[in-house]
*Asks:* 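Can you keep this structure in mind? I'll have questions shortly.
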There are 2 protein chains.
Amino acid sequence: MPQDGTAGSTRQFKVVGTRPPRPDGIDKVTGKARFGADMYVPGMLWGLVLRSPHAHARIKKIDAGRALALDGVKAVLTSADLPDHSNGDAGLRDALENVMARRKALYDGHPVAAVAATTQAIARQALKLITVDYEVLPHVTDVEAAMAPDAPILHDHIFTEGVEPKPKAPSNVAYRHQFGHGDVEKGFKAADVVIERTFRTEATHQGYIEPHACLGDLRADGSADIWCCTQGHYMVRTMCASLLGLDISRLRVTASEIGGGFGGKTVVFLEPLALALSRKAGRPVKMVMSREDVFRATGPTASSAMRVKIGISKDGRLTAGDAELKFQGGAFPGSLVDMGAMAAFACYALENVRVVGYDVVCNRPKLAPYRAPSAPIAAYAVESLIDEAAQRIGMDPLELRLKNAAREGTKSSYGPTYNRIGLMDTIEAARRHPHYKATLLQNQGRGVASGFWFNFGGNTSTSLSINADGTVAVAYGNPDIGGSRASMCMMVAEELGVPYESVRTIIADTASLGHNDVTDGSRVTFSAGIGVINSARNAIKVLCARAAAIWGIAPDAVTWENGAARPAGPNAGKFKPLSLKEIATQFSSTGGPIAGHFEYNADGAGVSFGTHICDVEVDPDTGAVKVLRYTVVQDAGKAVHPSYVEGQMQGGAVQGIGWALNEEYWYGEDGRLQNPSFLDYRVPVASDVPMIDAVIVEVPNPGHPYGVRGVGETPIVPPLAAVANAIAAAAGVRLTHVPMSPPRVLQAIVASTKGKNHSAAAE
Amino acid sequence: MPQDGTAGSTRQFKVVGTRPPRPDGIDKVTGKARFGADMYVPGMLWGLVLRSPHAHARIKKIDAGRALALDGVKAVLTSADLPDHSNGDAGLRDALENVMARRKALYDGHPVAAVAATTQAIARQALKLITVDYEVLPHVTDVEAAMAPDAPILHDHIFTEGVEPKPKAPSNVAYRHQFGHGDVEKGFKAADVVIERTFRTEATHQGYIEPHACLGDLRADGSADIWCCTQGHYMVRTMCASLLGLDISRLRVTASEIGGGFGGKTVVFLEPLALALSRKAGRPVKMVMSREDVFRATGPTASSAMRVKIGISKDGRLTAGDAELKFQGGAFPGSLVDMGAMAAFACYALENVRVVGYDVVCNRPKLAPYRAPSAPIAAYAVESLIDEAAQRIGMDPLELRLKNAAREGTKSSYGPTYNRIGLMDTIEAARRHPHYKATLLQNQGRGVASGFWFNFGGNTSTSLSINADGTVAVAYGNPDIGGSRASMCMMVAEELGVPYESVRTIIADTASLGHNDVTDGSRVTFSAGIGVINSARNAIKVLCARAAAIWGIAPDAVTWENGAARPAGPNAGKFKPLSLKEIATQFSSTGGPIAGHFEYNADGAGVSFGTHICDVEVDPDTGAVKVLRYTVVQDAGKAVHPSYVEGQMQGGAVQGIGWALNEEYWYGEDGRLQNPSFLDYRVPVASDVPMIDAVIVEVPNPGHPYGVRGVGETPIVPPLAAVANAIAAAAGVRLTHVPMSPPRVLQAIVASTKGKNHSAAAE
């Protein structure tokens with residue numbers, strides 16, 4: 001593959017690294033950008049979902065007769081309209097059942113029926129006219145309760161995988177994962193200090209502002225159009241085709257603008273229902289979730305119970321790490337505990353390491369990924385212990401991390417050996433940062449934490465056309481969730497040697513461009529970046545051939561430099577260079593349209609590390625924690641558009657702070673979600689957080705022509721621990737239950753004051 | 001270029017030549033297809049155009065104050081809002097002025113202002129509140145009157161081009177064109193019979209059912225989206241960018257379904273106005289023409305006055321052909337008389353031929369191309385004379401044509417020497433057809449005529465993706481006006497060896513795919529066909545490489561046959577063939593998405609010929625002509641989807657019959673169009689015409705891998721003459737003025753009966 005990775009470190013860039021205006025900026029600030037709910041087509045119906053009010057219930061009968069009799073109701077959908085096309089694929093079967101309950105409702109909010117009507121009001125009325133006969137079953141919403149022997153069992157067909165001998169009884173534990181190497185028992189024996197602690201984290205939601213919305217039109221011949229807000233319209237295509245038994249080629253999915261996703265829009269909820277309703281009603285169907293729908297029935301994170309143990313020598317050498325992670329990921333397997341288990345100790349060079357993860361089902365909505373999924377949870381526990389260890393041996397916590405930091409050649413705790421990485425650079429930059437030495441007052445404390453994310457590569461298709469006026473059109477296939485339009489334009493402008501302003505990107509629909517993996521894993525700037533860079537390089541080959549034809553010389557006697565074809569070798573200087581625009585205007589007479597394409601399954605996405613510094617003030621009377629100052633240091637490999645990179649670092653930190661301090665799902669005794677609104681589920685607002693200081697470190701990724709690494713996910717990994725460590729420093733209590741909300745902090749302070757416990761593991 | 005043209009004649013096709021269901025069929029018959037007026041976006045405004053009621057008037061002042069004061073009016077547009085970006089390009093300047101009158105209104109219906117308002121009703125009201133102060137000028141709407149020395153002059157800057165010495169006075173004659181070779185005077189001297197006659201034809205409209213409609217959104221950063229009904233969305237992009245001074249890359253144009261175009265939708269009318277209104281109002285603007293708007297202000301054909309002269313020997317050898325064609329093409333140059341002049345004698349091998357064409361402007365709407373533009377007009381005159389010549393020397397008219405027919409190696413009357421062509425084959429097939437020998441009754445007559453069209457090639461970009469389930473997505477860039485979705489699917493299925501049903505085409509928007517020339521000149525099945533065939537061949541290279549990787553052998557040791565990769569050479573038979581689907585499912589692990597692309601400026605579009613037989617009955621008391629039987633014989637090169645080819649042949653014939661018998665623009669003394677509705681401008685309906693018999697002849701075009709020739713335009717060329725010749729046979733009168741409506745036919749019969757004239761050149 002045409003990669004010249006190491007060039008990233010020395011190459012002089014003209015466009016990459018600058019901060020031009022974002023292409024989607026004006027549309028977004030003027031309200032012109034079209035989001036999921038902004039599509040209208042003639043004759044369209046409105047679809048709404050009837051959701052289970054029970055956490056666990058057998059569906060005995062659904063009577064939609066009265067609803068269907070209502071004027072304006074055009075279709076009612078139940079699972080009977082969705083035959084199972086999964087062919088033994090458990091993931092597809094679960095996805096189908098999550099989209100619409102089949103025999104049982106498995107969580108509060110689980111869809112049991114859907115209607116399509118001419119107006120939203122009629123659809124709402126129709127929902128009330130559908131009678132569902134439920135047999136309510138015992139439920140479980142806590143991960144440890146779900147693992148108990150007497151727990152209500154959600155699925156008869158789940159027997160824990162990954163254990164020997166294979167269990168005979170069905171269980172809520174779907175998988176046991178194990179990662180690691182060395183001998184942890186030996187490691188702990190070699191330690192001077194061994195610390196072990198349990199932790200709990202609660203489920204949080206990605207908190208995207210835009211609820212899920214789509215418009216689906218499935219026609220009699222099996223062809224369909226979908227407009228939707230998603231992180232991956234190709235994923236929507238594949239899933240809808242698979243769930244409804246359609247040909248992929250007949251589905252055309254167009255991604256709207258997206259008002260936040262953070263992983264939560266990498267799965268389908270409404271889209272298959274809209275299509276199935278459309279098929280039944282013979283008309284396009286639009287569906288838009290309410291905020292309550294979003295909270296009750298889309299994917300939050302796992303909640304967890306963890307036990308972590310580390311051993312350390314007096315001089316600060318980590319001798320062993322051992323962790324047991326129990327994650328519940330809602331009503332179907334896939335809590336992503338494996339990612340947490342892989343990420344837990346990924347920052348450290350450990351000779352002896354073991355992480356066991358349990359993937360548990362509960363009567364809650366199925367998890368969806370959330371920005372560096374599972375890593376913040378695991379890092380919260382591990383980085384809290386690292387902090388405590390530093391305290392115990394009297395070493396600076398960054399010094400301790402530096403001493404044990406993973407580096408090039410380290411065998412990671414999850415298997416692979418690291419290539420060139422930037423963890424140590426971020427720790428050193430944090431240590432040098434003025435923030436780290438700033439004065440603190442009473443009730444104030446400083447915490448640090450490091451974090452890791454894998455970063456993905458994956459399948460990418462990109463196309464590029466040179467227009468007749470010398471402007472450039474770039475098509476790629478990933479919704480722009482973090483500035484990729486700008487970074488694609490910049491990389492193309494860099495390669496072609498044209499101004500940023502003359503390059504325009506679009507996010508192509510699934511029929512116009514080949515497959516692209518979902519926008520996740522911080523893959524796009526890396527992967528689609530390789531795509532557009534190589535598309536541009538392929539177009540340059542054509543441009544050079546056209547120049548050669550105009551000059552009447554051999555194509556390989558032409559080079560491309562500074563946006564122009566130049567005769568090379570024996571012809572050097574013989575002809576005046578031809579600019580891209582000069583060649584472009586002659587496209588028709590020199591052979592036709594000029595384009596460049598690239599398809600690729602990219603590997604080599606360099607792993608990413610960051611180190612955060614957090615100052616908090618704890619109110620000892622209320623337990624309220626205020627974040628005073630926050631600095632994110634992170635390795636971006638090469639920051640294509642530094643403002644966007646900083647924005648990612650700031651945004652990730654703020655989401656992490658919200659998770660650390662306030663956000664959590666509250667389930668009642670009845671198994672119902674108690675706080676499905678932004679009033680009761682409190683995300684940080686601007687006044688809750690200080691301006692986040694962002695420091696970009698650039699340790700080029702050898703797997704990308706410019707050295708780019710994904711940057712979007714790592715910044716949410718350290719905050720939980722950084723905040724916890726700062727609270728420990730400020731209040732002398734170590735919080736082991738996230739979110740560290742005022743009641744929990746206060747309880748810990750009170751317990752600590754009473755001297756009941758050395759550490760205040762709340763609850 | 002990878003073409004294996006001659007294979008067309010012998011190759012065994014599996015899919016090409018069959019008649020599968022059309023991909024857009026269900027959408028169209030169920031009303032789901034979305035046409036130009038079917039797009040809605042939030043916040044959109046409605047735009048309407050204020051049109052001149054005068055054929056020729058100076059615009060002294062436009063007062064839009066009262067309109068702007070009306071609640072709901074968001075913008076009023078005049079030419080002052082459209083600065084001239086034409087930079088000396090006369091075509092662009094004229095296009096800008098046609099879109100919106102600048103100093104003068106040049107025809108009844110010429111736009112002078114436009115409004116955008118929140119509702120159509122408010123927009124209509126606003127139009128009435130705009131005051132335009134006109135100075136009415138003398139006008140001219142007849143081609144010969146416009147050429148007269150005392151004619152009102154439309155443009156001060158037009159001096160006839162193509163004459164020496166260059167004229168000093170401005171004129172309504174924009175160009176003089178001349179084509180031909182040999183010495184016509186010598187040719188006429190060698191003739192036994194010389195016939196000379198004058199002819200007139202009236203302007204006709206393409207009569208598409210769907211009026212022009214678009215939705216434009218031009219934002220503050222100069223980026224724009226346009227949804228419109230057009231034959232060429234890339235043309236719309238280029239024209240809007242040029243007229244409004246925008247970067248091509250910032251315009252994204254999506255073509256709606258199209259309810260007929262026939263050439264009339266190859267130019268912009270509303271699109272630049274919608275964008276300019278949108279820019280001014282800051283909101284998207286939708287504009288839809290009324291039928292009256294369509295008639296008054298879009299492009300009909302030229303009207304003409306012609307003089308044609310031929311010489312012939314007693315044994316039926318044409319010795320010379322000479323013609324003078326005067327075409328008025330409306331208010332701006334470009335009557336396409338040059339095409340008529342080139343096509344006039346293109347069917348014949350002539351040693352001495354000369355055609356002179358005059359391009360004349362008049363106070364009428366600017367012409368737009370109409371199916372084989374100008375050729376039917378010229379063929380009407382020439383083929384009428386050929387018929388008369390056959391009568392005069394007592395030879396069968398097909399025999400006469402056969403004797404003089406152009407063939408491979410003939411130097412055409414317009415210059416090039418013909419490659420392999422099928423004119424003789426169509427004449428012979430017509431002669432063999434039972435229709436040609438069928439019995440006729442009293443007042444009935446039979447006419448024949450041949451016709452020619454160039455067929456275009458041009459710029460094409462196509463892309464093809466292999467989906468993970470083995471289905472195939474094809475993107476091309478030409479609105480489907482005649483079945484190209486089906487033919488693209490078929491050619492791709494043929495190449496890849498997969499079923500027709502698994503291939504799905506879309507018409508990509510301008511940002512998703514490189515440039516494509518407009519859908520005209522019968523170029524798409526030929527040109528885009530070459531594109532998709534070669535895209536498929538490029539994808540096959542990738543598929544073979546993937547198979548080679550799976551097998552661990554060299555990529556060039558793999559062949560593609562019957563939809564599967566097979567090991568070849570020394571590895572033949574060593575591995576089980578891998579089907580397209582089997583390779584497709586492994587795309588991710590073998591290197592990423594699988595695609596094929598092709599960009600090309602195609603030449604080699606083989607010229608096309610047809611020969612028609614027409615039986616009519618003439619009512620001697622009313623002059624009414626009834627077409628009793630009609631047969632179209634035409635060379636399709638290779639008919640990809642014979643039903644569509646037959647449909648084109650039938651449709652072209654019916655439009656030609658309408659033109660021949662009824663359709664015409666009536667301008668009053670006041671210079672206003674008198675019949676701008678389908679009530680008064682009468683196109684044939686189903687009960688007016690018999691079922692058209694279509695006979696496909698296949699003489700492969702060496703310029704296409706399968707031998708394809710364009711088929712859409714040629715069938716409208718012969719009908720005017722075929723009907724005229726049939727009327728001559730039935731009623732003994734030769735009509736020299738089209739349309740041959742009952743009054744004209746009756747007048748000719750009456751004149752003939754009175755013995756006033758040998759031939760009844762009406763008026």
Side-chain angles (χ1 to χ4, degrees), chain A residues 23 25-27 30-32 34 38-43 217 219-221 223 238 241 247-250 252 282 458-461 463 465-469 471-473 475 501-504 506 508-516 542 587-595 597 599-602, chain B residues 23 25-27 30-32 34 38-43 217 219-221 223 238 241 247-250 252 282 458-461 463 465-469 471-473 475 501-504 506 508-516 542 587-595 597 599-602:
Chain A
I26 289 183
D27 277 9
T30 57
K32 291 201 144 204
R34 285 201 289 155
D38 292 332
M39 179 59 104
Y40 299 82
V41 294
D217 185 15
R219 296 175 290 273
D221 63 350
S223 70
T238 307
D247 276 358
I248 288 180
S249 68
R250 295 196 174 242
R252 184 176 189 177
N459 290 294
T460 296
S461 302
S463 268
S465 291
I466 311 287
N467 297 318
D469 63 353
T471 60
V472 182
E501 293 72 23
S502 69
V503 184
R504 190 82 179 171
I506 58 122
D509 66 70
T510 60
S512 304
L513 188 68
H515 176 83
N516 284 277
V542 180
F587 81 93
S588 184
S589 60
T590 57
I594 298 168
H597 313 278
E599 293 87 23
Y600 186 44
N601 184 356
Chain B
I26 290 185
D27 277 9
T30 57
K32 290 202 144 204
R34 286 201 288 155
D38 293 332
M39 178 58 105
Y40 298 82
V41 294
D217 184 16
R219 296 175 291 272
D221 64 351
S223 69
T238 306
D247 276 358
I248 288 180
S249 67
R250 295 193 174 244
R252 184 176 187 177
N459 290 293
T460 296
S461 303
S463 269
S465 292
I466 311 287
N467 297 319
D469 63 353
T471 60
V472 182
E501 292 73 22
S502 68
V503 184
R504 190 82 179 173
I506 58 123
D509 66 71
T510 60
S512 305
L513 188 69
H515 176 83
N516 284 278
V542 180
F587 82 94
S588 184
S589 61
T590 57
I594 299 169
H597 313 277
E599 293 87 25
Y600 186 44
N601 185 356

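Chain letters run A, B, ... following the sequence lines, proteins first, then strands; residues in each count from 1. Given the structure is predicted, the values throughout are model-derived calculations rather than measurements.
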*Asks:* Using the test salt bridge (charged side-chain N to carboxylate O under 4.0 Å, His left out), find all partners of B/Asp217 that sit at least two apart in sequence or belong to another chain.
*Replies:*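 Residues passing salt bridge (charged side-chain N to carboxylate O under 4.0 Å, His left out) with B/Asp217: A/Lys32, B/Arg219.
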*Asks:* What part of A/Ser588 is in contact with chain B, defined as an atom under 4.5 angstrom from a non-hydrogen atom: side chain, backbone, both or neither?
*Replies:*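 Answer is both: backbone and side chain atoms of A/Ser588 are under 4.5 Å from chain B.
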*Asks:* Which bit of B/Ser465 is near chain A, if near means a heavy-atom gap under 4.5 Å: side chain, backbone, both or neither?
*Replies:*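 B/Ser465 touches chain A through side-chain heavy atoms alone.
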*Asks:* Name the member of B/Arg34, B/Arg252, B/Glu501, B/His597 that forms the most heavy-atom pairs with chain A at distances under 4.5 Å.
*Replies:*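 That would be B/His597.
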*Asks:* Over 60° means perpendicular and under 30° means parallel, so classify the ring planes of A/Phe587 and B/His515, tilted if in between.
*Replies:*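 Aromatic pair B/His515/A/Phe587 classed perpendicular.
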*Asks:* Top residue by heavy-atom pair count (under 4.5 Å) with chain B, among A/Ala475, A/Pro593, A/Ala241?
*Replies:*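 With the most close heavy-atom pairs to chain B, the winner is A/Pro593.
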*Asks:* Not counting sequence neighbours, which residues clear salt bridge (charged side-chain N to carboxylate O under 4.0 Å, His left out) with A/Asp38? List them please.
*Replies:*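 A/Asp38 satisfies salt bridge (charged side-chain N to carboxylate O under 4.0 Å, His left out) with no other residue.
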*Asks:* Please test A/Ile506 against B/Ser512 for side-chain contact (heavy atoms from CB on, under 4.5 Å), starting from the C-alpha separation and ending with a verdict.
*Replies:* CA-CA 7 Å; A/Ile506 58 122; B/Ser512 305; 3.5 Å; yes
*Asks:* Given that the side chain runs from C-beta out, which part of A/Thr460 has a heavy atom under 4.5 Å from chain B: side chain, backbone, both or neither?
*Replies:*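 A/Thr460 touches chain B through backbone heavy atoms alone.
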*Asks:* Taking every non-hydrogen pair under 4.5 Å, which of A/Asp27, A/Asp469, A/Thr30 racks up the most with chain B?
*Replies:*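 Option with the top pair count is A/Asp469.
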*Asks:* Highest number of heavy-atom pairs under 4.5 Å with chain A: which of B/Gly514, B/Ala595, B/Ser461, B/Ala511?
*Replies:*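 Heavy-atom pair counts peak at B/Ala511.
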*Asks:* Between A/Ala473, A/Ser463, A/Ala508, A/Pro42, which shows the greatest number of heavy-atom pairs under 4.5 Å with chain B?
*Replies:*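 Top count of heavy-atom pairs under 4.5 Å with chain B: A/Pro42.
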*Asks:* Has the side chain of A/Ser249 got a donor or acceptor atom that lies under 3.5 Å from a matching backbone atom of B/Thr471?
*Replies:*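 No; judged by distance alone, with no hydrogens or angles, the pair does not exist.
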*Asks:* Which bit of B/Arg250 is near chain A, if near means a heavy-atom gap under 4.5 Å: side chain, backbone, both or neither?
*Replies:*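 Both the backbone and the side chain of B/Arg250 come within 4.5 Å of chain A.
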*Asks:* Based on non-hydrogen pairs under 4.5 Å, which of B/Ala468, B/Ser589, B/Gly282, B/Ala602 is most in contact with chain A?
*Replies:*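 Maximum pair count with chain A is reached by B/Gly282.
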*Asks:* Which atoms of A/Ile26 are under 4.5 Å from chain B, going by heavy atoms: the side chain, the backbone, both sets, or neither?
*Replies:*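 A/Ile26 touches chain B through side-chain heavy atoms alone.
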*Asks:* Between CG of B/Asn601 and OG1 of A/Thr590, what distance do you get to the nearest 0.5 Å?
*Replies:*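 Answer rounded to 0.5 Å: 8.5 Å.
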